Amino acid sequence: MFHSIEKQVSQAFRALIQARYGIDLAAAIEQPRQSDFGEMAVPAAFQLAKQLRQAPRQIAAELVAGIGPIPGVASMEIAGNGYINLRLDRGAYGYALLRGDAEGTAGSGEKIIVEHTNINPNKAAHIGHLRNATLGDTFVRMLRARGERVEVQYVIDNTGVQVADVVVGFLLEGKHPEDVRALIADPKVRFDYYCWDLYARISARYQQEPELAQWRSRTLHAIEAGEGEMAEMGRVVAEAIVEAHLATMLRLGVEYDVLPRESEILHLKFWASAFEQLKSRQAIYLETEGKNKGCWVMPGLSEEGKVIVRSDGTVTYVGKDIAYQLWKFGLLGKDFYYRPLRTYADGRVLWTTTDKAEESGAAVEFGHGTRVYNVIDSRQSYLQDVVVAGLRALGYEQQAANSVHFSYEMVALSPRCCADLGIEIPEEDRKRPYVEVSGRKGQGVKADDLIDSLIAKAFDEVSSRHTESSAEEQKRIATQIAIGSLRYFMLKYTRNSVIAFDLEEALSFEGETGPYVQYAAVRARNILRKLEERGEKLPDFGAELDAARMARQLEAEDFWQVLLAASKADSAVDRAVIAGEPAHVAKYAFQLAQAFNNFYHQYPILQEQDREKRIFLLWMTDFFRRQLERTASILGIPIPEYM
RNA sequence: GGGGGCGUAGCUCAGUUGGAUAGAGCACCGGCCUUCUAAGCCGGUGGUCGGGCGUUCGAAUCGCCCCGCCCCUACCA
């Protein structure tokens, strides 16, 4: 509602400025600094002042005189040096919200691909992966809320060195595929945790015993070829770890559409196709001298260019990534076969790739996107730039422009957190705000451990407040609180802020946290539930309230401000999508919860004696509840029945 | 050396893309539970927006120069 008035105001000013001054200006709409200035501010006069060589205040006066009525806007006034402040028609606004006038979330019609999570399938997920998945999943929810068609991909690098390293670890411990299968089946062993430690052990041995390097490369080749015991072990490990990762992510409500695997990218010779294209369009060249002699190199990105094909003829990871990015846009001329992997509770089917046509399930199509977001941490921005440069060099200008590296900074640990975990850090690092830890050394916070800690903490809170409920029910509520807490924590930081992870901070349920947001929604529900417990029904708001009554109630500034805040959910999501910043939605949810908590304390709704006011307040409560629930669901934050 | 990011209250961070008197949370101090749940609410303390110069009606935001920190800059993935 707010958003559509915003658009109308912007268009009206744009048309007027075009007609009057012949200038095309996308008139910005701002929020006035103080709420008593009105609901919208148009600073267009400032933007025009220079070109027109007139005082902003005078231009503002001309604009106000010429603009004419805009539906939903009650008044306009000039303030400061030339701001045009608008006040909305409160009654009409409230009544439109009550009627639920459609916003029109048609979407762009594009097919958007979002790739996220992408954890190496060789060990348990850690908190860095949680940030990736939470950001990616929330961005997907934001896009879908705007009516966009989105496909979620999670690439499985099941043929990479990280898997090979774990396989080497098993081999050196004398294990065969059946032993690994037994480990996976053993209920006393958490396989992903086992591999976490094994990976640290083998990494340490590589350091000590350089001669083991040949094991690594032999294993890697075997896995790539897909034949023999090593390859079988690689498959067993990767499949089990992928299952573990999917389970971890599902705890947070993160789902995917398709898991493309490197093994198929390899076996279906995606690279060969891309290589032909790159060669024939001269996007890469064969270096004949210098340190890159004998390599196929992409020029332009650095002085010596970027090696795409090594002198031994093998392709680098970036090369494969270019092929994969081409596939996403439907530009490769090759495709995967697919088989269903599992069905989620909501009926969504998760597919994975296969190289066998005969395994292929029902006719499904993936890829062929028009816009692609790769959720990958900022340390890989150089490689992402190479991929985009590759598209550009092939002449796919449009697709290059529509390839977005949705980057984010890493999750590091606070020195205090390192100390708690027993991770030794050098003396000089103690006073730094954060320390990057090494997965190779087995350092870090495992995703499931963190989730478990959060559930335990929430469980203590729930069980102390609700002694009447069963343990299972308390556990269910605690889990919802833990998820809300974790997702909010990962989302409250903007993408380019390094998270210095601190356990104590992450475990807080007070202040700007997920539980705060959940609590406000629970309170709103409580009011409505209490009403029914007293034998009353929710009033028929449409029959009881009209524009005039709305106008009367909304004269109260407090009510108007809460309603206004609650009505801006779509606008907030829109802005956040444009900015590519899920944190903005999180911030909005928090501010909305804050506004409601304030309102909640000040106005005991069920005690209200005035009939019209009471009905109005109930409607406000219900409206707020719907808006906050909607926003929370975009953030992937569940709302518990009680807290 | 080159590329990117960061520097805002004691701490952790926002700041709607150049707008009006710079905001939250935590911490600290003082109030509020017989009411729809105190995971809450109200009030208070706390700022040279790293420093300087510039651009203009107007700068935390843009440009240049410094200072400090981080990441990247492989024939590893």
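On a predicted model such as this, the values are computed, not experimentally measured, just so you know. Within every chain, numbering begins at 1; the chains are lettered A, B, ... in the order of the sequence lines, protein sequences first and strands thereafter.
In this model, the phosphate group of B/rA14 is approached by a side-chain N or O of A/S497 to a distance below 4.0 Å at OP1 or OP2. A sub-4.0 Å separation between OP1 or OP2 of B/rA39 and a side-chain N or O of A/K457 is absent. The side chain of A/H601 places no N or O atom within less than 4.0 Å of a non-bridging phosphate oxygen (OP1 or OP2) of B/rC33. In terms of phosphate contacts, A/N526 brings a side-chain nitrogen or oxygen within less than 4.0 Å of OP1 or OP2 of B/rU37. Distances shorter than 4.0 Å separate some side-chain N or O of A/Y516 from OP1 or OP2 on B/rC41. For A/R465 and B/rA39, the shortest distance from a side-chain N or O to OP1 or OP2 is below 4.0 Å. OP1 or OP2 of B/rC76 sits under 4.0 Å from a side-chain N or O of A/R310. A close approach under 4.0 Å does occur between a side-chain nitrogen or oxygen of A/Q594 and OP1 or OP2 of B/rG25. Look at A/R495 and you won't find any side-chain N or O under 4.0 angstrom from OP1 or OP2 of B/rG5. For A/R534 and B/rC36, the shortest distance from a side-chain N or O to OP1 or OP2 is below 4.0 Å. Remark: A/N496 is not in phosphate contact with B/rG4, judged by side-chain N or O atoms under 4.0 Å from OP1 or OP2. The phosphate of B/rA39 (OP1 or OP2) has a side-chain N or O of A/Y519 nearer than 4.0 angstrom.
Nucleotides B/rG40 and B/rG5 place their P atoms 36 Å apart, quoted to the nearest Å.
If you measure from atom CZ of A/F46 to atom C1' of B/rA59, you get 14 Å, rounded to the nearest angstrom. Rounded to whole Å, atom P of B/rC71 lies 6 Å from atom CZ of A/R432. With rounding to whole Å, A/Y588 atom OH is found 19 Å from B/rG25 atom C1'. Rounded to an integer number of Å, the gap from CG of A/L220 to P of B/rC75 is 17 Å. Remark: P of B/rG40 and CG of A/L592 are 16 Å apart, rounded to the nearest angstrom. If you take NE2 of A/H405 and P of B/rG5, they are 13 Å apart, rounded to a whole angstrom. Here B/rU37 presents its P atom at 11 Å from CD1 of A/I605, a figure rounded to the nearest Å. Rounded to an integer number of Å, the gap from A/Y408 OH to B/rG4 P is 21 Å.
The base of B/rA20 lies close enough to the side chain of A/N85 for a donor and an acceptor atom to sit less than 3.5 Å apart. For B/rC75, the base has a donor-acceptor partner in the side chain of A/S311 [N/O atoms by modelled type, under 3.5 angstrom].
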For this session: Kindly indicate, with the supporting measurements, whether the criterion side-chain contact (heavy atoms from CB on, under 4.5 Å) is fulfilled by A/E512 and A/K587.
Result: CA-CA 9 Å; A/E512 196 193 339; A/K587 194 62 96 183; 3.3 Å; yes
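Residue contacts for A/P604: at a heavy-atom cut-off of 4.0 Å it reaches a base atom on one of the strands shown. Residue contacts for A/F37: at a heavy-atom cut-off of 4.0 Å it reaches a base atom on one of the strands shown. Here A/V462 lies in heavy-atom contact (under 4.0 Å) with a base. No contact: A/R529 has no heavy atom under 4.0 Å from any strand.
Salt bridge status for A/E461 with A/K457: absent, with no side-chain N to carboxylate O gap under 4.0 Å. Between A/D312 and A/R310 there is no salt bridge, since none of the side-chain N atoms of the basic residue sits less than 4.0 Å from a carboxylate O of the acidic one.
Which of B/rA24, B/rC41, B/rC70 sits closest to the side chain of A/N598 comes down to B/rC41.
Nucleotide B/rC41 forms a pair with B/rG31, judged by Watson-Crick or G-U wobble geometry with both contacts under 3.5 Å.
Residue A/Y382 and nucleotide B/rU73 are not classified as a stacked aromatic pair, given the requirement of ring centres less than 5.5 Å apart at an interplanar angle below 30°.
Taking the six-membered ring for Trp and the full ring otherwise, A/F599 and A/F596 have centroids separated by under 6.0 Å. Ring centers of A/F559 and A/Y603: under 6.0 Å apart, within the cut-off.
The glycosidic torsion of B/rU34 lies more than 90° away from 0, placing the base in the anti range.
Screening A/E30, A/E6, A/E581 against A/R575 for a salt bridge (charged side-chain N to carboxylate O under 4.0 Å, His left out) leaves a single residue, A/E6.
Judged by the 6.0 Å and 45° rule, A/R216 forms a cation-pi pair with A/Y206.
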